[in-house]
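Reminder, nothing fancy here: chain letters follow the sequence lines and each chain counts from 1.
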Amino acid sequence: EDQVTQSPEALRLQEGESSSLNCSYTVSGLRGLFWYRQDPGKGPEFLFTLYSAGEEKEKERLKATLTKKESFLHITAPKPEDSATYLCAVPESVGNQFYFGTGTSLTVIP
Amino acid sequence: GAVVSQHPSWVICKSGTSVKIECRSLDFQATTMFWYRQFPKQSLMLMATSNEGSKATYEQGVEKDKFLINHASLTLSTLTVTSAHPEDSSFYICSARGTLAGVRRAQFFGPGTRLTVL
């Protein structure tokens, strides 16, 4: 059964304290893994997509990596404005639907 | 690129009335759009998949006669909540499947619509 699991559920960091968020997936024939950021009361904002194991993408303080079983979103020296919920998603094996993880709520304390 | 808008951003209505929410892809064509519902502190729950020119596909447990979806063009899908009741109060988010440079199969999300039914 296709599944996406994110951990931790919530993460509190001091400003400047680097950490990583995890997204584990079980889907046959991965057709991409997508990371989104969602602020309260807003729709998810597209961050990255990764298609093959070993691939990495960077955007400002964020770096996403992908293995055959999981993806990490590394946050380097986070700032309070990085506080948000980070969602990962994978497309189903056949079709257009996405399977979303439950998200990691990140709080960066000044 | 890949901008999706939703209108209205929030709506308050009386129980028993119908509410229409519009989702537009502003700078790309979307043959497939999705409608999600999100409760506080929970992840997105897919309600239906909408394909241009054909009937929407609803997820199990979603009443198609209550949540009417029309995808009349490549840039517009609408969700109508008919005879709304307080339990329909939620955050509704649409997304459009599109292609950005180097990005395949991505879903791009609208800003969401907060529906409150009194």
* Portion of Gln38(A) that has a non-hydrogen atom of chain B nearer than 4.5 angstrom -> side chain
* ring-ring contact (aromatic ring centres under 6.0 Å, His included) between Phe46(A) and Phe109(B), intermediate numbers included -> CA-CA 8 Å; Phe46(A) 172 77; Phe109(B) 288 85; 9.9 Å; no
* Asked: Is chain A contacted by the side chain of Gln6(B), its backbone, both, or neither, given a heavy-atom distance below 4.5 Å?
  -> neither
* Check each atom of Thr49(B) against the heavy atoms of chain A and say whether the ones under 4.5 Å are side chain, backbone, both or neither. => neither
* **Max heavy-atom pair count under 4.5 Å with chain A, selected residue of Lys41(B), Gln107(B), Met45(B), Gln38(B)** => Gln107(B)
* Tell me, yes or no, whether the heavy-atom count around Lys66(B) atom NZ, taken from other residues, nucleotides or ligands under 6.0 Å, exceeds 12. => yes
* Side chain from CB out, backbone as N, CA, C, O: work out which of these in Phe48(A) comes under 4.5 Å of a heavy atom of chain B, or both, or neither. => neither
* Apply side chain to side chain donor-acceptor pair (under 3.5 Å) to Asn70(B) and Thr78(B), showing your working. => CA-CA 5 Å; Asn70(B) 185 359; Thr78(B) 60; 4.7 Å; no
* To do: Answer yes or no: is there a side-chain heavy-atom contact under 4.5 Å between Trp35(B) and Phe67(B)?
  => no
* To do: Classify the side-chain pair Tyr36(B)/Glu59(B) by whether it contains a donor and acceptor separated by less than 3.5 Å.
  => no
* To do: Measure Phe98(A) against the heavy atoms of chain B and call it side chain, backbone, both or neither at under 4.5 Å.
  => both
* For chain B, the option from Gly32(A), Gly41(A), Gly103(A), Ser105(A) that forms the most heavy-atom pairs under 4.5 Å -> Gly41(A)
* Quick one: what part of Gln42(B) sits under 4.5 Å from any heavy atom of chain A, side chain, backbone, both or neither? -> neither
* Looking only at side chains, do Ser71(A) and Trp35(A) share a donor and an acceptor under 3.5 Å apart? -> yes
